[in-house]
Protein chains: 2
Amino acid sequence: MNHTFQARIKAPILLNSAEAEIIRALRRQGCVTSTDIMRMTGWSKAKTAQDIRDLVEKGFLMDAGEGISQGGRKPRLLCINRNLGFVVGVDIGATSVDVALADISGSILQRYSEAADVRQRPEPFLGRCVEIVFHLMELQGCRADQILGIGIGVPGPVDFARGVLVAPPLMPDWENFSIRGFVKQSFPNAFVVVDNDVNIMALGEQRAGDGINVDHFIFVKIGTGIGAGIVSNGKIHRGSTGCAGDIGHICVDKNGPICRCGNTGCLEAMAAGPAITEKAIQAALNGSSPLLKNLLDQNGGVLRPEDVNAACREGDQAALEIIRASGQMIGDVLAGLVNFFNPSHIFIGGGIANFGNHLLVSIRRAVLRRSLPLATTHLSINFSRMGADAGVTGAVALALEYLFVIEDQPTTTL
Amino acid sequence: MNHTFQARIKAPILLNSAEAEIIRALRRQGCVTSTDIMRMTGWSKAKTAQDIRDLVEKGFLMDAGEGISQGGRKPRLLCINRNLGFVVGVDIGATSVDVALADISGSILQRYSEAADVRQRPEPFLGRCVEIVFHLMELQGCRADQILGIGIGVPGPVDFARGVLVAPPLMPDWENFSIRGFVKQSFPNAFVVVDNDVNIMALGEQRAGDGINVDHFIFVKIGTGIGAGIVSNGKIHRGSTGCAGDIGHICVDKNGPICRCGNTGCLEAMAAGPAITEKAIQAALNGSSPLLKNLLDQNGGVLRPEDVNAACREGDQAALEIIRASGQMIGDVLAGLVNFFNPSHIFIGGGIANFGNHLLVSIRRAVLRRSLPLATTHLSINFSRMGADAGVTGAVALALEYLFVIEDQPTTTL
DNA sequence: AGGACTTTGTATAACAAATGGACAAAGTTC
DNA sequence: GAACTTTGTCCATTTGTTATACAAAGTCCT
């Protein structure tokens, strides 16, 4: 049986529980022998062999050559049929796009990032994304009809069921635009899933980062905005309309500045990137930090969050204070969420994740001061170590999660 | 086969998925015919009959007489064997205990409430609870070894895995006391589960109240303290150490009064029952409310939250303001949680639940003002209609949930 | 190099579970 | 009372799984 190419795979791909268990084993280990599967599943030799034969015939699995002998006959290795199709992950940030092409086992084959401005209209922006995907496909020799799943993360509130942005502050032109519909035009075979960017980062952290095997955690992205991805009982919690995790507009100070959402004193307006740079510019102009003034002049009247961080590293007191204040406000909000949600881990990512320990220490201090002891004794608060990978990895995982559907899931509660 | 009494049922009771499906059908409908089960499960006649026979032989099911003919032979009805055992639900509040005795299908057979002070030591308190249970058992002709499960809700942070209170502000003497161990002495056959009181109220609302079929909701209890029970994806979210939902100590005002937890401006210290009465006493004493002054004098220098509510109903402006202020603070905190968690329903219960619309309106207003539009368009905020039933119903449901364990639960994610 | 032992993979008989009728029992309706 | 329904049981057949035997392809030791 020669399965060099399997043209018509319907997405989503339905698997029964036995098939799912085999695929799961292969996902984790890459290549496995049938004896491995036998041992992992506890099935008999005959059933294991039979089910594997079926999966090979369906085109999901393929022979991957000989394995290493364990003191007896050499085993034949199995792997997921890479010719079956491909999956794309797209992480749209406020100022950049990350795209990855992966095989259906989730291994990333090609990766590409570029700067982009999300404030433009969706058609040219997504058109460019599609262009990038086609470019990556070319490098891997993959055709459009072989793309089976596409996961897309966008920086705004997503109605997950409809795959549409609702009242996105950062990208108003995208409101109600069908991202799924647009992308489907180029990839008719693909199953397109759109989610909030922080949710896919949380998913990435869970699948390939430090969030593996963690039941309850929060992934906090701090950049132009502030958002959270929530994992409860090992699953992404999206809430009833799919917009859970929007912590950027939790009130920190009722008398604070007006936020772009219309309210006053939102966390985002007071502690995110733009707030940090604005405070830094003030410090530069009012003379309290000659270092920041220098940086401001060098950059032509503009400061980026990285500049404030750099100043802080050089020992600038004003920059340090700005960062500490940010950390404390973020920590104050997180303290409430820790009381409410009782996670075991908080991962902090996004543009600000390189800010080093000053930020982290103030966040931790604020959380510890204001949270219940039982909630904080085993709580870890750290920067995510995945950097920009969290997003694309999660986007690929998201696509795969919805591409493969396990049939006949029994009810688990009585 | 006569199964009037089945002495030795080991708890927890293990069920395979087929058995679970039958029990589930019976739980929902009370009494069912085998044809009903056949149609609900999609199984063949023979298998259905076989599985039912097995369950009858094991003593779980029993014949419940003849059903109504549908135009043919009369069916034989099936119901859960009530002689198999009983389940107890105990809802311990700050100032009261509610106890219920139920059969293993969850129907409450006997119910009893009395005032009690939780600040005493656990031994006498729980001793009295056990006494009440024995009294209810006597009324139903049930022996101690027939009690298979006991669910207990306590008003404090519970380490759910250990079944122990950790640093409970309301009941310091209970710290690290093994409630499970104490109760087991009187009911050696029983499976004892201890949980936070708000979690069991949420569970009750989900099983027998308006929370049925709601995936994501928050149950907020406002009484002496303030706490929340969280349901995510249809399951109670307890967090990593089991103390999720402790929203009473989220900060409302950094410059607020000192809370018993040691921090300043906690929601509980500013908006719960004691804060309301204290403000009312002040209003009475400083002359801004003659009505409250009258009530205060009548009650001998003490005011209860109900008195403030009564004054408000009579049109007292000061009482109204106090309630509105409480509602606004609670609403401000809930607004943040709505952004974070995106529930579709918020149920408000506890002693303050009879406070009528003034409280509710201010909560709703605060939430609507400060939450994301996408999160509030389909959000309902209402008083729980279950009153004191939520607690015991949930406690019984909790006991049942851990009494019956479904074996061989397959992994649901790939 | 050859024999003893392992591991891997396949074929087959035996066992267990579930299905689909056939059929009897117990009703209703006209 | 005949015709039709619904309920419940029995049994041969199909389907799914396991256990066993056995062949193939190795390693390792003498």
Side-chain angles (χ1 to χ4, degrees), chain A residues 1 14-26 29-58 60-79 406-411, chain B residues 1 3 14-26 29-58 60-79 406-410:
Chain A
M1 274 156 283
L14 300 177
L15 302 172
N16 63 36
S17 54
E19 291 169 335
E21 240 180 297
I22 295 177
I23 304 260
R24 197 157 29 226
L26 260 85
Q29 313 249 338
C31 280
V32 211
T33 73
S34 75
T35 318
D36 288 338
I37 291 174
M38 203 185 88
R39 274 196 275 267
M40 291 168 92
T41 56
W43 299 335
S44 68
K45 253 198 269 195
K47 176 180 162 57
T48 311
Q50 178 64 49
D51 284 9
I52 288 173
R53 247 197 314 278
D54 288 355
L55 276 173
V56 170
E57 240 164 73
K58 283 189 189 174
F60 290 115
L61 265 48
M62 61 181 224
D63 195 291
E66 292 182 335
I68 306 150
S69 164
Q70 307 289 334
R73 172 170 166 179
K74 276 185 198 164
R76 299 220 58 87
L77 292 176
L78 288 162
C79 70
I406 305 173
E407 278 182 312
D408 308 322
Q409 295 274 32
T411 322
Chain B
M1 277 156 282
H3 293 280
L14 299 177
L15 302 172
N16 61 38
S17 54
E19 291 169 336
E21 237 180 300
I22 295 177
I23 304 261
R24 196 156 29 224
L26 259 87
Q29 312 250 339
C31 281
V32 210
T33 72
S34 73
T35 317
D36 289 339
I37 292 174
M38 202 186 89
R39 275 196 274 264
M40 291 168 92
T41 56
W43 298 336
S44 68
K45 252 198 269 194
K47 175 181 163 55
T48 310
Q50 179 64 48
D51 283 10
I52 289 173
R53 247 197 315 278
D54 289 354
L55 276 174
V56 170
E57 241 163 72
K58 282 191 191 173
F60 290 115
L61 266 48
M62 60 182 225
D63 195 292
E66 292 181 334
I68 306 150
S69 164
Q70 306 291 335
R73 176 172 163 178
K74 277 185 197 165
R76 299 219 57 87
L77 292 177
L78 288 164
C79 70
I406 306 172
E407 279 180 313
D408 307 322
Q409 295 274 32

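Chain letters run A, B, ... following the sequence lines, proteins first and then strands; every chain starts at 1. Side-chain atoms are counted along with the backbone in the values below, which use heavy atoms only and exclude waters and symmetry mates.
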Are [X] and [Y] side-chain neighbours, meaning at least one heavy-atom pair lies under 4.5 Å?
X	Y	answer
A:T411	B:R24	yes
A:W43	A:D51	yes
A:L78	A:I37	yes
B:T48	B:K45	no

Open item on the list: Does a side-chain N or O of B:S34 approach OP1 or OP2 of D:dG8 to a distance below 4.0 Å, or not?
Closed with: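 For B:S34, the contact criterion (side-chain N or O under 4.0 Å from OP1 or OP2 of D:dG8) is met.
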TODO: Please check the phosphate of C:dG27 (OP1 and OP2 only) for any side-chain N or O of B:S69 closer than 4.0 Å.
DONE: no
Proximal nucleotide (of [options]) relative to the [X] side chain:
X	options	value
A:R39	D:dT7, C:dG9, C:dT8	C:dT8
B:Q70	C:dT8, D:dG8, D:dT6	D:dT6
B:R73	C:dT10, D:dT6, D:dT18	D:dT6
A:A46	D:dG26, D:dT18, C:dG9	D:dT18

Just how far, in rounded Å, is [atom2] of [N] from [atom1] of [X]?
X	N	atom1	atom2	result
B:M38	C:dA18	CE	P	15 Å
A:R53	C:dT8	CZ	C1'	14 Å
A:Q50	D:dT18	CD	P	12 Å
A:D51	D:dT18	CG	C1'	13 Å
A:N16	D:dT15	CG	P	17 Å
A:D54	D:dT17	CG	P	11 Å
A:I37	D:dT17	CD1	C1'	17 Å
A:K47	C:dA16	NZ	C1'	14 Å

Task: Residue met sooner reading DNA chain D from 5', once A:W43 and A:E66 are mapped to nucleotides - done: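 Here A:W43 is the residue nearer the 5' end.
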- [ ] For B:G71 and for A:K45, find the nucleotide of DNA chain D with the closest heavy atom, then tell me which residue's nucleotide is more 5'.
- [x]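 The residue closer to the strand's 5' end, by nearest nucleotide, is B:G71.
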Open item on the list: For A:R76 and B:S44, find the nucleotide of DNA chain C closest to each by heavy atoms; which residue's nucleotide sits nearer the 5' end?
Closed with: A:R76
Open item on the list: To check you understand the geometry: which heavy-atom pair defines the closest contact between A:E19 and A:L14, and what is its length?
Closed with: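 Shortest heavy-atom separation between A:E19 and A:L14 comes out as OE1-O, 4.2 Å.
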